[in-house]
Amino acid sequence: MNKMCLILCIAHALAGVLIAQVPCTKVASYQIDARLDPALKTVSGAVNLTWMNTGTSATKELWFHLYLNAFKNTNSTFHREMARHHSDIKQYMARFADDGWGYCDIISFSAAAGSFTADLTPQFVQPDDDNSDDETVFKVDLPAAISPGQSVTVKINFASRLPHRAPRTGYYGDYFFVAQWFPKIGVWYENEWNCHQYHSHSEFFADYGDYDVRLTVPSRFIVGASGVRTDSTANSGDTVTYRYQQECIHDFAWTAYPGYRVAVRAFEHPELPPVTMRLLYQPDHKRYVDDYFSATENTLKYLGLWYVPYPYSHITIVDAAWKSSTGGMEYPTLFTAGVDWLTARGSQDPLGVTVHECTHQFFYGLIGSNEFENAWLDEGFTTYATSRCMNTAYGPGAFHKVYLSRDGFGIPVTFKSSEKDQRDWIVENHQARGARDAMDKHSWDYVDRLAYRNNAYEKPALMLWTLESLLGESVWADIMQAYASRWSFNHPRPHHFIDIVNEFAPENMDWFFDKMLKEPGFVDYAVTHIESNAAVQRRGYFGVGEGRELKNDAGKDEEFESQVHVERLGQIQLPVELLVTFENGETASELWSGEELFKIFHFRGAKIEKAEIDPYHKIWLDANPVNNGKYRRTNGVASLRWGAAWLFWLQDLLEMIALFS
Amino acid sequence: MKIRNAFRRGFSLMIHHRMIIGIIYLVNLCIALLFAVPTFILFHEKVGALLLRDDLLSGLPYSWWSSFHFNAEGLEKTIRPSLAGFGPLLDNLELLLTGQIQSYGWFVICIGLAYLFIAAFFNGGAIALYADERRSFSTGRFLSFAGTYFHHMAALAVTTLVLFALVFKVIQPAIFSLVDQVVGDSLSQSFAWSINLIGYALILVLIFLLTLILDYAKVILISEKKNSSWICIGLAAAFIFRNAHKTIGLNLLLVLLAAALVLVAGLLSMINSSQLLLLILGFIFQQLFIAAKIATRLTFYAAETALYQEYAAARETVKKRKR
Ligand SMILES: [Zn+2]
């Protein structure tokens, strides 16, 4: 880091101390005092929560998430679902051997509102299933109801034990990533408690508020956390207490690891507020520092310009430890990503995952949709915006293959001859993950993991790309800006987005969303056959009365009757365009409702050279775009090229096998 | 005999009987073509009329390949982006270290097995000619020698298969379980990477030593006109043990030659163009590479035969003197 950057970063950090004024309705604000014991793998502490009823009816209960209990034993709903969906559950469970289970105990719970102060007893509840072993949600009954506009103060003492290498949270050696670690209140939403159990296929949902968190850790640990570090105090016993504060966020995660290296840079853009970027990276990942910053900068820049500026003064990027299971994950003002020690040139690692998780700062962090019930509103929008940002900032990546791939090992090699656009990757996954289930479902209700992934990530992302193409860039920009600005620091439902689309689109798009959200299946159109046959030349009398004419076209340019067969191979119907190019260079286009399974288009004139359905590539949802276009005549040069490559491979393979003869 | 001399003599033997290279190359090409033609036809049916075929000249467009691969069956599954350029060599080298030939399907295993025995057949002919003092080549003698020794060579090929199955099914997992234990809870991927690399290096050494022993077993079987391939493996191991620096040194030199050949091929494969002329040139280079690879394998046998015969001659001299 040069001097200029250092000065800039200090200036940004100071700005961060003041914490940018972020406007939001503060529903749930926390003061937390927590202490990490790295030897016992515990985090214990006290939560002081102020919760305000911003609904329109009173509640006599408070519901809380207690998500570390998902890793308490094999019987939690998280693990039961894991056992159902994981390809190798034994291998997964092996990580908890030797007492690697985690949990969170409530030591004491008291609440105070206008008329009462009371010690209360939490009671585990299972709103989503009848699994009485699941302890990831609890509720307390209040002595009196909290009316709309009224606040309640809750004091909780808790003791958490972190799990070993659990998904997203836990420890690995001296590395700690602490997420879903404190009792977090549910959302009083649409006049009921929206507080789901921790499922293996779902993420999170919480209310906005201010966080003021003090974390005490041994001095040797490097700490990163949501929010801005505003204070640090050295304690006796070789520990230090860091204070982190942030307005208007809906969760808080942190990490502690003595091995982290730290880099700080400033994001600046003339049209956007400055942001201090703090990267915590693994010692052997120095070569990726520029990539992490570049990807974060591009996300803040493009999403800031396209949708809404990132409102916080600070962002923390965590390069998660290899093998830790932290994965790529988003938390308010902090996200995790990861990369292999060796990556292929042009592979876009770790750019892709960094842009994805940073994009969640907008679709999750700012626009706080319900990830349990409408997963596509965050993952789908994020997948879409990630590919848009990646394509704009970096273009396509190269295909790469990792040779001798083993856990922690592999020799990556780039194949420049096969480029990989971010959207290609989405289409590939969409096709591979199947057409089961409709998008509009609770995350844990999808038939399997693939259906969840497809309906939460790929299909909605392709739906948004399709909408953008159908509506045009400028209408689309208005829609996305309106959605982002109106629903920042709020909890939109799908219909809120659809309402905005209908507000700006030239026609009502309900028909489109009905198909997309409610119907399972693919979109797939194909040109399956083209033929051109010499037409019978016109001879004889044509017309009646005085208009009757004797015609003889013999000797004129030969005409052809042509047919183009198109087929709907997918279940979902969308109107599509067909473009036909004739051998004389002329073109003709036809619109097709796309409803029939099969349709033949007839043309008369020159011979057809080629035909393409969806020629301007608007229907990104088409799961198999390869069958969209066809020439009438075949040509074998490309096949020969790859046939020869295949021949060489087999010849070389045979000679290698001969080594064993 | 010095290593250098054995190498030279081996090289000149290989050149002298260069017709063998031609015969093996032709057989290799014909067998590969037998399967490449249907693959081409399958491929052509899929892409011959596609609009995307123009892009296929310069590379495999990922968007095309992913959906093609998704729907592909049997042979089609083996069409992949790594067929471009240096890829086939890397794919095959990987196979050498992992033994995961089943990843290409049963079909490839069957062709591989067939070729293994064809190669064993030719090995007998080649080594017998290299060991023969007459130093004259005729296709008839080559084939007759090949026929004479086929049952022994086939037995050795089966033994080799069993030994390598043992390497990949028993020794390799053991090595990597040790690797995992050494890596343990380390959070450093670079450390894990290095330890894994050592694991692969060990497997490479094992393959080298096994190939060395089995090569000399063939040479001894033919040179000494032995009847048991099992005894020859023992004799070969003893010979290598007694002349470790010469035998290992010679084969290291030959491995170096093979590596240089692969490197040159790698550099040439970087010519990736959609121009027809360059595509044809690239294909010619590939065929020359296959021929050179066959020549290198034969040089191994020839040089090993030369080294062993020198040793046998010296032993005979000592015996005569003793008498
Ligand atoms: Zn995501």
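A, B, ... follow the sequence lines: proteins, then strands. Residue 1 opens every chain.
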Can you tell me which portion of Lys420(A) sits under 4.5 Å from chain B's heavy atoms? Options are side chain, backbone, both or neither. both
Which heavy atom of Ala321(A) sits nearest a heavy atom of Leu187(B), and at what distance? CB-CD2, 3.6 Å
Considering only heavy atoms, which portion of Ser82(B) lies under 4.5 Å from any heavy atom of chain A: side chain, backbone, both, or neither? both
Using a distance-only test with no angle check, is there a side-chain donor-acceptor pair under 3.5 angstrom linking Trp646(A) and Thr78(B)? yes
Identify which of Asn196(B), Ile207(B), Leu93(B), Leu60(B) forms the greatest number of heavy-atom pairs closer than 4.5 Å to chain A. Leu60(B)
Distance from Gln100(B) atom CD to Leu404(A) atom CG, nearest 0.5 Å? 10.5 Å
Between Ile24(B) and chain A, with a heavy-atom cut-off of 4.5 Å, which part of the residue counts as in contact: side chain, backbone, both or neither? side chain
To the nearest 0.5 Å, what is the distance between CG (Leu56(B)) and CZ (Arg641(A))? 9.0 Å
With the side chain counted from C-beta on, respond yes when Arg80(B) and Trp649(A) share a heavy-atom pair under 4.5 Å apart, and no when they do not. yes
Under 3.5 Å side-chain donor-acceptor pair for Tyr175(A) and Asp185(B): no
Which region of Ile111(B), side chain (C-beta onward) or backbone (N, CA, C, O), has a non-hydrogen atom less than 4.5 Å from a non-hydrogen atom of chain A, or is it both or neither? both
Closest non-hydrogen atom pair, Leu51(B) against Ala611(A): CD1-O, 4.3 Å
Select one option (side chain, backbone, both, neither) describing which atoms of Phe35(B) are under 4.5 Å from chain A's heavy atoms. both
Flag side-chain contact, heavy atom, 4.5 Å: Ile290(B) against Leu654(A): no
Testing the basics here: between Asp284(A) and Ser188(B), what is the closest heavy-atom pair and its distance to 0.1 Å? OD2-OG, 3.5 Å
Pick from Arg406(A), Glu419(A), His285(A), Glu428(A): which one has the most heavy-atom pairs with chain B under 4.5 Å? Arg406(A)
Gap separating the OG atom of Ser67(B) from the CG atom of Asn627(A), nearest 0.5 angstrom: 7.5 Å
Counting heavy-atom pairs under 4.5 angstrom with chain B, the leader among Leu650(A), Asp424(A), Val626(A) is Val626(A)
Any side-chain heavy atom of Tyr631(A) within less than 4.5 Å of one from Asp54(B)? yes
Which atoms of Arg297(B) come close to chain A, meaning under 4.5 Å heavy atom to heavy atom: side chain ones, backbone ones, both, or neither? side chain
For Asn635(A), which atoms come within 4.5 Å of any heavy atom of chain B: side chain, backbone, both, or neither? both
Of all heavy-atom pairs between Ser661(A) and Tyr301(B), which one has the smallest distance, and what is that distance? OG-OH, 4.0 Å
Which atoms of Phe399(A) come close to chain B, meaning under 4.5 Å heavy atom to heavy atom: side chain ones, backbone ones, both, or neither? side chain
So which of Asn71(B), Leu29(B), Leu90(B), Thr211(B) has the largest heavy-atom pair count under 4.5 angstrom toward chain A? Leu90(B)
Below 4.5 Å from any heavy atom of chain A, which atoms of Tyr200(B) appear? Answer side chain, backbone, both or neither. side chain
Select one option (side chain, backbone, both, neither) describing which atoms of Leu52(B) are under 4.5 Å from chain A's heavy atoms. side chain
Quick one: what part of Phe415(A) sits under 4.5 Å from any heavy atom of chain B, side chain, backbone, both or neither? side chain
Honestly, the part of Phe289(B) sitting under 4.5 Å from a heavy atom of chain A is side chain
Tell me, side chain or backbone of Lys323(A) under 4.5 Å from chain B's heavy atoms, or both, or neither? side chain
Go through the atoms of Lys46(B) and report whether side chain, backbone, both or neither lie under 4.5 Å from a heavy atom of chain A. neither
For Val183(B), which atoms come within 4.5 Å of any heavy atom of chain A: side chain, backbone, both, or neither? side chain
Shortest non-hydrogen separation from Ala658(A) to Tyr115(B) and the atoms involved: CB-CE2, 4.0 Å
CD (Glu45(B)) and OG (Ser639(A)) are apart, to the nearest 0.5 Å, by 10.0 Å
Counting only heavy atoms from other residues, nucleotides and ligands, does the tally under 6.0 Å from CZ of Arg345(A) exceed 12? no
So for Val637(A), is it side chain, backbone, both, or neither that comes closer than 4.5 Å to the heavy atoms of chain B? both
Over all heavy atoms of both residues, which pair between Gly408(A) and Trp193(B) is shortest? Give the atoms and the distance, please. O-CD1, 3.5 Å
Between Ser418(A), Pro625(A), Ala645(A), which has the largest tally of heavy atom pairs under 4.5 Å with chain B? Ser418(A)
Would you mind telling me which of Val427(A), Val527(A), Leu647(A) has the largest number of heavy-atom pairs within less than 4.5 Å of chain B? Leu647(A)
What I'd like to find out is whether the side chain of Tyr403(A) reaches to under 4.5 Å of the side chain of Asp91(B), using heavy atoms alone. yes
Part of Ile530(A) within contact of chain B (heavy atom distance under 4.5 Å): neither
Go through the atoms of Leu197(B) and report whether side chain, backbone, both or neither lie under 4.5 Å from a heavy atom of chain A. both
Relative to chain A, which segment of Tyr104(B) carries a heavy atom at a distance below 4.5 Å: side chain, backbone, both, or neither? side chain
Among Leu342(A), Asp407(A), Asp174(A), Asp421(A), who wins on heavy-atom pairs under 4.5 Å with chain B? Leu342(A)
Interatomic distance, Glu94(B) atom CD to Ile411(A) atom CD1 [nearest 0.5 angstrom]: 9.0 Å
Going by atom types only, do Gln651(A) and Gln287(B) share a side-chain donor-acceptor pair under 3.5 Å? yes
CZ of Phe648(A) to CG of Asn92(B): how many Å apart, nearest 0.5 Å? 8.5 Å
Residue part contacting chain A, namely of Leu163(B), when any heavy atom lies under 4.5 Å: neither
Could you pull out every donor-acceptor pair under 3.5 Å between side chains of residues 153-162 of chain B and any protein atom, sequence neighbours left out?
from	atom 1	to	atom 2	distance (Å)
Thr159(B)	OG1	Ala155(B)	O	2.7
Thr160(B)	OG1	Leu156(B)	O	2.6

Side chains of Asp340(A) and Gln189(B): do they bring a donor and an acceptor to under 3.5 Å? yes
Which bit of Arg633(A) comes within less than 4.5 Å of chain B, counting heavy atoms only: side chain, backbone, both or neither? backbone
Is chain A contacted by the side chain of Leu89(B), its backbone, both, or neither, given a heavy-atom distance below 4.5 Å? both
